Asker: 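Below are the structure tokens for one structure; questions will follow.
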Amino acid sequence: MESNNTLTDGCGRKINYLRISVTDLCNLRCKYCMPKEGVSKLSHEKIMSIEEMAQISRILAGIGIDKIRITGGEPLVKKGITRLISEIAQNANVKDIAMTTNGILLRKYAKKLREAGLKRVNISLDTLDARKYSQITRGGDLLQVLDGIEQAKRAGLSPIKINTVLIGGFNDDEIEDFVRMTMEEEIDVRFIELMPIGQAAGWSSKNFISNRAVLEKFPGLKKCNPSDKSSPAEYYRLEGAKGKVGLINPISCKFCDDCNRIRLTSDGKLKLCLHSDYEIDIINPFRRGEDIKEIVVNELSKKPKSHHLEDGDIIKRNMVQIGG
Ligand code: SAM
């Protein structure tokens, strides 16, 4: 760590971004993310409380974290979520606070989240077809998500980004519909390459398609200048479009060199890389009153230089237990 509250890892990368998975429970069962029966419920004492998450965030914001994303599981099923947002938003060191959600409960929460200090949301949506949505999520209702997007707009959460995992044979025929959404509305649509992790690890190679499919379908997409070098998305725009099209290519084009993030799981483990099983216990030392700043600063030297997904590396946790 340097003196001016900057965290750096062993490769010299500046680490300023914390993603907190506030729960590993979810109100959907997306086939590539979560087993049909869900994940086994962790005992109450293993899970970090809202107060603990807020305090740990405050400590890390004091040593260089200035961007925090709340994810899950589904963050909106976590009791006390608006209280957590409000606690984090009040910290002057945190410049950016965002959330990744499936959007099902946004119609109930969008306004409350905005009032609590949330700035923006990423909403996961893999299809615009109600029947396919119910199929991939094992029972989800597309209309609830679309209503949630509307309420998020009304509440002033901005920008709104739609995250669409591109799955060969499932939604590659909808690329056009998603891209067209950016014409009329100030919404960014980001296509994410399906990663062979968790439930998707054993899926057929036909399901894994490159985001190049989007550029092939829309050769007229113009590349935008990167506004944030650490963003994993490359952004494009159709002429005259209000929103952008993002491509997130964890497989076909790694972005590890610019990785600025660490993750905290709902059971209080720090993960230095999404694709590594290496985890550092934070919650127990924190509960014992130990200095977690020192633990984090020391462990950062072990952040992997790069992932090896393309070599078939498989991690043990499901995505829902890490937070995408
Ligand atoms: N429940 C929230 C949601 O749906 O946005 C947050 C958690 S979810 C694990 C976060 C993101 O991870 C979602 O956009 C989901 O589509 C993505 N995801 C899960 N498994 C994935 C995989 N194997 N490859 C790519 N993205 C994945």
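Whatever order the structure lists ligands and atoms in, that order sets their numbers, starting from 1. Worth saying up front: this structure is predicted, and the values here are computed from it rather than measured.
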Asker: Does Gly72 come within less than 4.0 angstrom of ligand 1, counting non-hydrogen atoms of the residue?
Answerer: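 Within the 4.0 Å threshold, so yes.
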Asker: Does any N or O of ligand 1 fall below 3.5 Å from an N or O anywhere on Gly73, backbone included?
Answerer: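 Looking only at distances, the answer is yes, because the N/O contact criterion of under 3.5 Å is met.
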Asker: Can we say Lys153 and Glu186 salt-bridge, meaning some charged N sits less than 4.0 Å from an Asp/Glu carboxylate O?
Answerer: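 Result for this pair is no, no salt bridge flagged.
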Asker: For ligand 1, does Thr101 get within less than 4.0 Å through its side chain, its backbone, both, or neither, judged by non-hydrogen atoms?
Answerer: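 Backbone only.
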Asker: List every atom of ligand 1 that sits less than 4.0 Å from any heavy atom of Glu193, numbering the atoms from 1 in the order shown and giving each element.
Answerer: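 This gives 25 (C) as the contact atoms.
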Asker: Assess whether a salt bridge exists between Glu150 and Arg107, defined as any Lys/Arg side-chain N lying under 4.0 Å from an Asp/Glu carboxylate O.
Answerer: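 Answer for the salt bridge query: no.
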Asker: Is the shortest distance from a Lys or Arg side-chain nitrogen in Asp9 or Lys305 to a carboxylate oxygen in the other one below 4.0 Å?
Answerer: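 Salt bridge flag = no for Lys305 with Asp9.
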Asker: N/O to N/O below 3.5 Å, does that happen between Met195 and ligand 1?
Answerer: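 For ligand 1, there is an N or O atom that lies under 3.5 Å from one belonging to Met195.
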Asker: Less than 3.5 Å between some nitrogen or oxygen of Asn163 and one of ligand 1, yes or no?
Answerer: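 N/O-N/O distance below 3.5 Å does not exist for this pair.
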Asker: Provide the number and element of each atom of ligand 1 under 4.0 Å from a heavy atom of Leu194.
Answerer: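 Matching atoms, with element in brackets: 22 (C), 23 (N), 24 (N).
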Asker: Could an N or O of ligand 1 be found under 3.5 Å from any N or O of Ser124, whether backbone or side chain?
Answerer: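 In this structure, Ser124 places an N or O atom under 3.5 Å from an N or O of ligand 1.
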Asker: Does the pair Arg120/Asp96 count as a salt bridge with the N-to-O cut at 4.0 Å?
Answerer: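 Looking at Asp96 together with Arg120, the answer is yes, because their closest N to O distance falls below 4.0 Å.
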Asker: Using a strict threshold of under 4.0 Å (side-chain N to carboxylate O), is an ion pair present between Lys112 and Glu115?
Answerer: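 Judged by the 4.0 Å cut-off on N to carboxylate O distance, Glu115 and Lys112 do not form a salt bridge.
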Asker: Which atoms from ligand 1 have a heavy atom of Val165 less than 4.0 Å away?
Answerer: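 Result: 16 (O), 26 (N).
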Asker: Which atoms of ligand 1 sit under 4.0 Å from any heavy atom of Thr71?
Answerer: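 Those of ligand 1 that fall under 4.0 Å from Thr71 are 6 (C), 7 (C).
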Asker: Please report whether ligand 1 has a polar contact with Glu74, defined as an N or O pair separated by less than 3.5 Å (distance criterion only).
Answerer: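 Yes, since at least one N or O of Glu74 sits under 3.5 Å from an N or O of ligand 1.
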Asker: Is it true that the side chains of Tyr278 and Lys302 contain a donor and an acceptor less than 3.5 Å apart?
Answerer: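 Yes - a donor-acceptor pair under 3.5 Å links their side chains.
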Asker: Does a donor on one side chain and an acceptor on the other come within less than 3.5 Å for Thr101 and Glu74?
Answerer: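 The criterion, which ignores hydrogens and geometry beyond distance, is satisfied for Glu74 and Thr101.
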Asker: Establish, from distance only, whether the side-chain atoms of Glu279 and Thr265 form a donor-acceptor pair under 3.5 Å.
Answerer: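 There is no such pair (donor and acceptor under 3.5 Å, judged by atom type) between the side chains of Glu279 and Thr265.
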